[in-house]
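Mind having a look at this structure? Questions to follow.
A note on names: the letters A, B, ... follow the listed sequences, proteins ahead of strands, and every chain is numbered from 1. Below, each value reflects all heavy atoms present in this structure, side chains not excepted, and no hydrogens, waters or symmetry copies.
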Protein chains: 2
Amino acid sequence: MPGKAPSNANGKTKVLVVDDDPAILRALSINLSAREYHVLQAADGAQGLAAAARERPDAIVLDLGLPDMDGSDVIRGLRGWTSTPIIVLSAREQEAQKVAALDCGADDYVTKPFGMDELLARLRAAIRRAAPAPDEPVVETDDFTVDLAAKRVTLAAGSDVRLTPTEWQLLEMLARHAGRLVTGRQLLAEVWGPAYQTETHYLRVYMAQLRRKLEPDPSRPRHLLTEPGLGYRFSI
Amino acid sequence: MPGKAPSNANGKTKVLVVDDDPAILRALSINLSAREYHVLQAADGAQGLAAAARERPDAIVLDLGLPDMDGSDVIRGLRGWTSTPIIVLSAREQEAQKVAALDCGADDYVTKPFGMDELLARLRAAIRRAAPAPDEPVVETDDFTVDLAAKRVTLAAGSDVRLTPTEWQLLEMLARHAGRLVTGRQLLAEVWGPAYQTETHYLRVYMAQLRRKLEPDPSRPRHLLTEPGLGYRFSI
DNA sequence: GTTCGGCGTATGGAAGTCGTCAAGATTGCT
DNA sequence: AGCAATCTTGACGACTTCCATACGCCGAAC
């Protein structure tokens with residue numbers, strides 16, 4: 001199936017379903033699982049936000065009528081740090097609410113009762129759109145090469161470098177924005193989760209590890225540069 | 001208006017509406033024009049494809065019930081060469097048709113009769129998604145180049161300039177209003193916070209630092225100009 | 001000619017940030 | 001359960017950035 005954006009180990013596309021109605025949760029879960037999606041569930045807004053931060057789903061199906069939070073606030077909470085597609089479900093047929101949700105950053109809006117096939121089609125469309133154009137899956141410098149697709153780093157000498165999962169995520173994030181400055185907040189939110197946006201400490205530790213593994217002279221980095229007070233930059 | 005992706009000369013977002021019903025064509029045209037979109041019209045599939053190729057709209061609203069072609073074929077004809085967002089309109093409430101349209105590559109699907117506000121919200125959402133980079137904000141002068149996205153300043157000679165966070169914020173603020181005058185109050189409120197609107201002192205210190213780093217002759221600035229008694233201006 | 005207010009420049013200490021090392025804590029695998 | 005790899009956490013010195021003050025320059029007003 002083309003157009004999917006599998007992000008986890010087993011190659012399945014992760015979908016997070018946030019709904020307080022167990023019947024809907026179950027129906028979606030069954031249908032999505034049958035189509036080889038990896039389904040995560042959450043019963044209210046707080047759980048949904050936590051699950052999204054923890055699991056990094058490829059798409060989110062969100063019911064607006066949650067018991068604990070306003071739907072728009074959930075959307076804003078997600079959009080603060082991720083651009084994962086969000087498909088909103090709602091029992092209410094109020095146009096103003098649709099407009100509000102879409103303008104908060106939702107990608108699509110489906111009114112209950114909905115047809116399962118339609119929801120699945122909209123989900124496919126959303127995930128297809130979100131799949132980033134694999135424009136340049138290889139970033140190359142004088143000293144090493146980062147292959148985003150193969151998740152592999154090779155030194156100029158030819159030897160492969162072993163990176164831990166966290167190290168790789170950090171390097172991937174930097175390499176995807178090669179040349180551009182990436183703020184510490186962005187990196188922390190993406191790699192460790194939005195709750196860690198102030199733990200700048202992790203960044204220092206892991207940047208040091210990456211430099212030790214990749215830079216010819218780790219104490220004078222040529223590619224993994226610090227912009228004091230602002231963030232880091234992958235310089236080719 | 002954030003989120004738009006103006007692609008033509010006058011800065012408006014181009015929307016192509018393809019529908020054989022003159023009433024809908026007119027209603028959409030009026031509503032879109034009122035919201036500062038540039039509206040193009042086509043009455044059947046062939047005209048629609050031709051207009052899309054000729055005009056490169058930023059989004060397309062497509063009625064499925066066209067007299068000359070099947071709707072899915074129109075979508076496929078567009079998707080062969082462009083990824084412009086397509087929002088499908090259809091009178092029929094048939095789920096299978098929605099699914100087919102979405103799987104052909106449509107981005108969204110609205111069933112007639114539809115609320116104008118909802119359609120406009122979906123249009124905004126589609127255009128927002130399609131604008132991956134909120135354009136490439138680069139401000140260039142004879143002596144240096146400011147790349148807002150990459151947070152990078154390069155001298156004409158080619159060397160990068162290192163700015164502190166405060167220096168960068170100040171320069172960014174000026175560059176975003178390039179050519180226009182920015183008052184000291186605005187700058188202070190934005191960079192240091194609303195409580196500092198009278199501390200004009202900070203401005204003098206940091207403007208001096210920016211000039212020293214960026215101007216060929218810091219004592220006779222060519223781009224970071226003082227408007228005595230008013231504020232500062234970034235002159236290209 | 002003097003005074004005054006707005007502006008530009010220089011400098012030093014306080015506060016914060018960054019890099020490094022190393023010791024727990026956690027996880028996953030055998 | 002035990003082991004190894006990985007992730008977290010803490011402490012410290014080196015460095016950068018920020019803020020505050022002091023001083024010189026210039027034009028306008030008197």
* Asked: Does atom CD of A/Q169 have more than 12 heavy-atom neighbours from other groups under 6.0 Å away?
  -> yes
* Taking atom types as modelled, is there a side-chain donor on B/T164 or B/T166 under 3.5 Å from an acceptor on the other? -> no
* For B/L210 and C/dG8, give me the distance from atom CG to atom P, rounded to whole Å. => 12 Å
* B/S/- contact track for nucleotides 12-30 of chain C, protein heavy atom under 4.0 Å -> ------BBB----------
* Structure fact -> Sorted by number, residues from residues 173-199 of chain B placing a heavy atom under 4.0 Å from DNA chain D are B/W192
* Any side-chain donor paired with an acceptor under 3.5 Å for B/D143 and B/T141? -> no
* Just how far, in rounded Å, is P of D/dC18 from CD of B/Q169? -> 9 Å
* So, A/Q197 side chain and A/P194 main chain: donor-acceptor pair closer than 3.5 Å or not? -> yes
* Asked: When you measure from the side chain of A/N31 to the backbone N and O of A/A27, does any donor-acceptor pair fall under 3.5 Å?
  -> yes
* For the residue pair B/F144 and B/F234, categorise the inter-ring angle as parallel (less than 30°), tilted (30 to 60°) or perpendicular (more than 60°). => perpendicular
* To do: Could you check how far CG of B/L224 sits from C1' of C/dC7, rounded to whole Å?
  => 15 Å
* Asked: Between D/dC7, D/dA20, D/dC18, which one does the side chain of A/Y206 approach most closely?
  -> D/dC7
* **Centroid separation B/W168 to B/Y206 less than 6.0 Å** => no
* Let me see the working for A/D107 and B/R129 under side chain to side chain contact (heavy atoms under 4.5 Å, CB included), right down to the final yes or no. => CA-CA 8 Å; A/D107 289 77; B/R129 275 193 305 262; 2.8 Å; yes
* To do: Using atom types as modelled and distance alone, determine if a side-chain donor or acceptor of B/E215 lies under 3.5 Å from a backbone N or O of B/R220.
  => no
* Asked: When you look at CZ of A/R79, are more than 12 heavy atoms from neighbouring residues, nucleotides or ligands closer to it than 6.0 Å?
  -> yes
* Expressed in angstrom and rounded to an integer, what is the separation of B/K213 atom NZ from C/dT9 atom P? -> 14 Å
* Structure fact -> Per side chain to side chain contact (heavy atoms under 4.5 Å, CB included), A/V88 is matched among A/V18, A/T111, A/L64 by A/L64
* Would you say a side-chain N or O of B/R162 is under 4.0 Å from OP1 or OP2 of D/dT17? -> yes
* **Rounded distance (Å) that lies between atom C1' of D/dC25 and atom CZ of B/R220** => 14 Å
Under 3.5 Å, which protein N or O atoms sit close to an N or O of nucleotides 28-30 of chain D? Give each pair with its distance.
none

* Nearest-angstrom distance from the residue atom CD of A/Q209 to P of D/dT9 -> 15 Å
